[in-house]
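Proteins come first, then strands; the chains are lettered A, B, ... in the order of their sequence lines, and each starts at number 1.
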Amino acid sequence: MTDNHVPRPVVASGEIAVRGVSKSYGEAHLSREVVKDCDFTIERGKLTVMIGPSGCGKSTLIRLLAGFEFPDRGQILLDGQPIKGPSRDRLVVFQESALFPWMTTWENILYGPRARGELNAQALEFAEFLLNKVGLREFRHKYPTQLSGGMQRRAELARAMINNPQIMILDEPFRGLDAMTKELMWEYYANLYEESGRTNFFVTTDIDEAVFLADRLLIMTNIPTQVRAVIEVDVPRPRRLADMVTSDRANAVKMEALAILHEEAMKSFSRGSKAAADFVEAYARRSAKA
Amino acid sequence: MPTQDKQPVSPDILLGILKATMPFQVVSDAMLRRIAAISWKVSYRAGDTLYEAGGPADDLYIVVSGKIDHELAPGVNARRPMKTLGEGDVFGWAALLEKVPNRLAKAVCTEDALVIRINGEELLKTFESDPDAGDVVMSRFATMITRDYTVPDLIAQLRGIHRKLHARDAQGMNVTLYRVSRWLKSPRPYLMLLGLSIFFGCWYLAVEVFKLPRFREMPGITTVVTEWLNPNPVFGLSLYTEEYYKHIAVSVWRVTQAFLLATALGVPLGLFLGWSKGVKDYLFPIFEMLRPIPILAWVPIAIVMFVATESAVIFLTFLASFFATALNTMLGVESIDESYTRAANCLGASKSQVFFHVIVPGALPFVFTGLQISVGVSWFSLVAAEMVSGQYGLGYVINTSYTMVRYPTIIIGMITLGAVGYVTSAMVRVAGDYMMQWRVRELALGAR
Amino acid sequence: MARRKFDSKALAKGLFSILVFLVLWEIGSRSKTWITAEAFSGFREALGALGFNKNYLPWVGAIPAPSEVVVAWGKVIVDPGYWQSWWMSGARVGGGFFAAMLVGIPFGLALAVSRTAHGIGFPVFELLRPIPPLAWVPASIIFWPTQELSIAFVTFLGAFYTIVINVVGGARSIDVRYFQAAQSMGSSKADIFRRVILPGTLPSIVVGSAVGMGITWEVVVAAEMISGGGSQSGGTSGGGLGFFIWNSYVGGSYEQIVVGMISIGIAGFISSELLRHFGKYITPWLRLR
Amino acid sequence: MSGQPGKLPGGAPTRGAIRIEDVVKIYDPGGASVMAVDHCNLDIAAGEICMIVGPSGCGKTTLLNAIAGFHEITSGRITLDGEVLCSTERPKSTPGSDRVVVFQNGALFPWKTNLDNVAFGPIMQGKLSKAEAREKALSMMADAGLNGVEHNFPGEVSSGVRRRIEIVRALMNDPKVLLLDEPYRALDSLTKSVMHEALLEIYYKNKVTIFFITHDLEEAIFLGHKVAIMTSRPCKPKKILTVDIPHPRDYGVLTSKRFRELIEETNEAVHEEAVKAFQSGEKEG
């Protein structure tokens, strides 16, 4: 199926500028700075990948970008306008599936249009198109628990794309899948991205995933999070896994990134006691619920 | 005697030194700088005695250069009492022990030495201000002492401090005050007051001011309170009468007996039901057959079966608790991940060891959930049993007050019952927290 | 939910042990002296020293044998009064239970959704909750004009607390990611309530109502016994199963007590099974897998 | 060969050779009759790190369970240093502290402190007194860089630390073989790479035979002396690869030429099985 069959608006805008953003959590003297003076730009139409040690505050950054929380200092600008709250322009695909367990695949995909009262023929047609695209046609009436891990992630991608967001924000979307399924998902996702050409912001801890997907790689420091290095991954698209393994350029990027990440990971590792990051993660989860 | 008096050290130099010592290695720079602020450098000549066993344990020492002979007093029971310390070694850790105000060892300088001295009290205070980091250091001290000196006994004391750090973290004045002030700033206390005043206000207005149709017969709040606080109660029961406490005591005693009996029988039964499929196959059907019968339906049979009313009442109270406890214990055992028992098998545990080290502690969270429910239902059935057949007890008070038309006493009985019931279940909760430290600490971290 | 495997061996074992139980019961009650206080006479001295009284021990001989129970049941089963008791109790349970659902679910949702409502309502709720429902019986008799209503009120109370607690707990434990996902797809507050909070709370409503149903039966039986079985009638008819038991006791027909107990057990079992199936039906996403 | 443990400092290990001969495992032989392992043959030398790679649910864990003694086999034979663990005649081996398992989701007892967890084995076997076991545990934990967490409960430390503690707990018993069942599956990949180095470090000190199950080819080639790529259900070796990258290794290996060549060489075989498993998984779904 090709694109001219589908009623799909062209995405033209979507550039995020993060300017001197800081954020801390915790009470009184127990408070900890999780993100500190963070500065970077997510360029229009590009796939920017952020990589850093686990629990380094990447998820906090995502909550800030999505508008679930606000920075203590600094600004986040979307096409020059500060972000005021969650919006369908910036769609988040979560780490581990956030498909509504009480809805079938079909209902999940249609959630966005239905919630906004835009459930029309066009939306249905687009949903049908997406369902085919992610290969879940036969599974439309299944509940998420009946789908395999890989299928859940695909359903989630479809649920996000039906909203035509300016920017897709993905928080370790393939975490927890086994290595083999994961690799299949990468090719799949890269393909979707290449077709749509919209701005994507992808967060991961997997170096292979990062190098394979990224146009631009942001490497973050350990907590408090800052941008440690930016690497442009100038490997031509479309990319295939087999080619990436043999590509010298990809390997050079991997080597460079690995050296930095290894150092950062070691830093967080040397502390035996529950890492500060774990504490902050836990705290953030708790306060988000309360 | 030191050849030189205490002199301040530059923080940067000290940072380097502390980073090279085992207990302080992993501490953040910020913390190290704070430690640097309470540290002094002191030089000794060969032959100087730094301290004798029994002397006051004030400072902690770190060797920068030179050699120190460190000999633990015989009373410490160390397996390796004598040790020569050099660069990077830490000694004088008696200053950090809980119950030891005095030195445990003798330290003599054998080669001109430069040492860093840190006041133990000050150091502990620094740890308390950042319990997370303090914890790591204390723990590393414990490791060091066991490894280098082999005196496991002392570890307990370090651990005591380490626990205290935890406790202080939770109850620390600062945090508490901060939380209280935040609570007061939030709308919650005022909403709570509003809610309670609406409730009591409605009660007052409906019964005593407007005398609404059906409410007129109900005892009003002022009547209840004056009766309750009256030294000479109109209906014979108040905070000042001996009777009142006797009823409470009788009810509490009955619940206690029934609860203890239910726990003593229910927990083992539940453990076996969950542990052995054979036991479960045989016994569980009988259990399931009897369980749907409401406890109160047992009342007449209980009266018939027991000659003494007292034991009938306890039997009924026991029965409800027993089912709750046994069932939850069984579920608890069944919920234990198979890999725990497998791991124990791998590590060479016998069947009975698996039972006591894995099954019992693993089921504990569910057991306590069961006990929590069990207290609740035991009060529930006690009240019913006392109402139907009993002399004394809060349920009896409520029922007879009705038949004797002492209406305010009914409400007094109800309130007392609620309060006593609340206290007993709180006690079970506290006991559970005490026995399951690991869960308390996990939950405090928000780990699960 | 795990698929239940039909295990014929386990079934045989279960039937065997139930049979053993019944046989022991039969023997125990027929012998009249077995497990009596007298059988323990050897221990009496020792127990007495510990402050025990022989009267503290159960006397199985006082309980009618299973065979007698079956005979009594055969007689009662043709009595329309017995079936009317079923009906009365069932109606009371149903009424109280549905009232509790009707009030409890919206109340619980309000507490869960609105911080203000929670701040005002929850402390009062927590204040009243430790008072066992049966302690309300006399107060309820005084307040309500008819005895029927007072029984219904206590029944309602029994299920109400459990349902509210479960609704509040369930709504609060919904994963934040679902809210965030919904928000980032542009849902309104009303939409989040309808499409996320409601279905997300449903499983705990089902659990809460199952527990609530159990409590309802307990309360109904007790209330019927305490208040003397409904307004008008005497005899076996009309008072509900709780009164059926009480009346059998007063009338000295002990076989009928056991018949009543078993009947209530069956009734409770049926109602909780019905509820379980209904719960499965309304939460289809939990049924699979 | 440069990849052999014999080249390591401290002499060659002499114990812990596992031989798997013609092992077959059929679940529910009467009814559904699902074949999990099909005539599997595998030789693991003493002190070797053997990586078992295959898609999830292919039957790798069945093999591990047979060695550990959690499940019986249908036919075949498994020996450890020539001693028969299980065979057609005696289908189930007895779990013992010479073969310790590190579980996929971790099985540190949450109700014991980390120290007591590590000290658990010798105390249970009655080999050491409580105090002695604790002392040994402390020094082993310190050697593995785990000081500072001894008196915490497992729930209080990060998952990476938990896995290291679990490995130390296993090594406390001086086992012949360590059986690891996808121990790093739940960790993120950066922590994982640090964990790999930590595991190798421990291995260089103890040189115990390691039977390591994974679905990650990179992990397998990075750690292993030998990599057995298994077929999707029923499970048996499809290809056995000897990794000739010299030990000791560090993360630099990941970007070396030889490493990439090995990945390339095996990628196809693994990918094929993955797609097979993926598709059959979808059908089941």
Against chain B, label C/Val220 side chain, backbone, both or neither, depending on which of its atoms sit under 4.5 Å from a heavy atom there. neither
Closest contact, heavy atoms only, B/Ala384 versus C/Ala222: CB-CB, 4.5 Å
Given the options C/Ala139, C/Gly268, C/Gly260, C/Gly158, which has more heavy-atom pairs under 4.5 Å with chain B than any of the others? C/Ala139
Contact origin within C/Leu127 toward chain B - heavy atom pairs under 4.5 Å: side chain
Using a 4.5 angstrom heavy-atom cutoff, name the option from B/Ile286, B/Leu394, B/Asn399, B/Ile415 with the most pairs to chain C. B/Ile286
Minimum heavy-atom separation for B/Pro285 to C/Ile18, with atom names? CB-CD1, 4.0 Å
Let's test your reading of the structure: which of B/Phe199, B/Tyr282, B/Tyr422 forms the most heavy-atom pairs below 4.5 Å with chain C? B/Tyr282
Which atom pair, heavy atoms only, marks the closest approach of C/Ile131 to B/Met414? CG1-O, 3.6 Å
Verdict with reasoning, C/Val219 to B/Phe380, per side chain to side chain contact (heavy atoms under 4.5 Å, CB included): CA-CA 9 Å; C/Val219 176; B/Phe380 178 97; 3.7 Å; yes
Heavy-atom pairs under 4.5 Å with chain B: which of C/Ala267, C/Gly14, C/Pro133, C/Gly214 has the most? C/Gly14
Let me know if C/Leu128 has heavy atoms under 4.5 Å from chain B in its side chain, its backbone, both or neither. side chain
With C/Tyr249 as partner, the option from B/Val299, B/Val304, B/Ile301 fulfilling side-chain contact (heavy atoms from CB on, under 4.5 Å) is B/Val304
Given that the side chain runs from C-beta out, which part of C/Phe143 has a heavy atom under 4.5 Å from chain B: side chain, backbone, both or neither? both
NZ-NZ distance between C/Lys13 and B/Lys277, expressed to the nearest 0.5 angstrom: 6.0 Å
Find the one option among C/Pro130, C/Ser263, C/Gly121, C/Ser272 whose heavy-atom pairs under 4.5 Å with chain B are most numerous. C/Pro130
Evaluate the side-chain proximity of C/Met261 to B/Pro300: yes if any heavy-atom separation is below 4.5 Å, no if none is. no
Could you check whether atom CZ of C/Phe16 has more than 12 heavy atoms from other residues, nucleotides or ligands sitting under 6.0 Å from it? no
Option that, when pairs with chain C are counted at under 4.5 Å, heavy atom only, ranks first among B/Ser425, B/Gly395, B/Gly418: B/Gly418
For C/Ile142 and B/Met218, work out which heavy atoms get closest and say how close. CG2-SD, 4.1 Å
Interface moiety of C/Ile257 toward chain B, non-hydrogen atoms closer than 4.5 Å: side chain
Is B/Leu193 close to chain C through its backbone or its side chain, or both, or neither, when contacts mean heavy atoms under 4.5 Å? neither
Which answer fits B/Phe315, side chain, backbone, both or neither, if we ask what part of it has an atom under 4.5 Å from a heavy atom of chain C? neither
Close side-chain approach of C/Thr116 and B/Pro187, heavy atoms under 4.5 Å: no
Report which part of B/Met289 has an atom under 4.5 Å of a heavy atom belonging to chain C: side chain, backbone, both, or neither. side chain
Provide the closest heavy-atom pair for C/Ile264 versus B/Ala297 in the form atom of the first, atom of the second, distance. CD1-CB, 4.1 Å
Under the criterion side chain to side chain contact (heavy atoms under 4.5 Å, CB included), I'd like the reasoning laid out for C/Val124 against B/Ile198: C-alpha separation, chi angles, the key distance, then a yes or no. CA-CA 9 Å; C/Val124 178; B/Ile198 289 175; over 6 Å; no
Quick one: what part of B/Phe284 sits under 4.5 Å from any heavy atom of chain C, side chain, backbone, both or neither? neither
What's the shortest heavy-atom distance between B/Val383 and C/Ala135, and which atoms? CG1-N, 3.9 Å
